[in-house]
Amino acid sequence: MNIFRLAGDMTHLASVLVLLLKIHTIKSCAGVSLKTQELYAIVFATRYLDILTSFVSIYNTLMKLIFLGSSFSIVWYMKYHKTVRRTYDRDQDTFRHWFLMLPCLLLALLIHEKFTFFEVLWTFSLYLEAVAILPQLVLLQRTRNIDNLTGQYIFLLGGYRGFYILNWIYRYFTEPHYVHWITWIAGLVQTLLYADFFYYYFLSWKNNKKLQLPA
Amino acid sequence: GEESSTKDEL
């Protein structure tokens with residue numbers, strides 16, 4: 001464990017807790033893409049299949065349980081909670097996210113480190129995580145504005161992946177044989193997807209005005 | 001030892 005990875009995990013934890021808190025407190029999920037949340041639930045489900053078979057540390061298992069629990073809770077709130085579900089703008093959140101999953105699955109079947117059931121699904125979860133934010137970014141473009149909690153959510157999510165890139169660089173220089181191109185490239189693509197959002201987020205923060213994403 | 005893995009990462 002290094003400080004970059006810890007910072008990344010804490011930022012990631014903060015992002016899901018900020019979102020869960022928002023939805024639980026104000027009983028609204030306006031501006032949040034259910035598609036992205038469903039994709040994240042699938043990412044965690046396919047990423048943590050080994051939670052019962054391989055034990056890394058208490059921290060690792062605890063965090064996996066928190067991420068699984070929070071992502072499925074968010075999906076549950078948005079789909080089934082009597083009050084929250086009414087605030088979900090389903091006609092705006094129309095990104096066909098199943099079309100994201102198929103290419104990720106095909107790519108995982110083609111490019112992976114080992115051709116085993118767990119490894120292919122784990123690789124699938126990496127590719128899917130890289131693109132899972134797309135429905136949310138498309139929704140923000142459509143709704144043209146962003147309330148600050150959703151903005152914080154995306155900002156923290158991007159920050160978590162940015163810290164992980166620093167973690168990979170650190171591990172590359174400190175651990176022999178630590179070379180994982182698939183993880184690195186997927187993580188880099190994911191962070192780049194956030195880059196333009198960060199740019200507009202920073203502009204709005206600098207000019208101290210409401211975040212307006214270009215059409 | 002066995003090659004390092006990213007499976008210890010979340």
Practice prompt. In plain terms, say whether A:R47 and B:E9 are close enough for a salt bridge, that is, a side-chain N and a carboxylate O under 4.0 Å apart.
Written response: no
Parallel under 30°, tilted from 30 to 60°, perpendicular over 60°: which one fits the rings of A:F115 and A:H112? tilted
*Is there a ring-ring contact (aromatic ring centres under 6.0 Å, His included) between A:H97 and A:F99 once you walk through the steps?*
CA-CA 5 Å; A:H97 56 331; A:F99 285 14; 9.6 Å; no
Counting heavy-atom pairs under 4.5 angstrom with chain B, the leader among A:F44, A:F67, A:W168 is A:W168
So, the part of A:N60 with a heavy atom under 4.5 Å from chain B: the answer is both
The interface call for A:E129 against chain B, heavy-atom contacts under 4.5 Å, is neither
task = Go through the steps for A:F155 and A:F198 under the test ring-ring contact (aromatic ring centres under 6.0 Å, His included), then give the verdict.
result = CA-CA 7 Å; A:F155 183 76; A:F198 277 136; 5.3 Å; yes
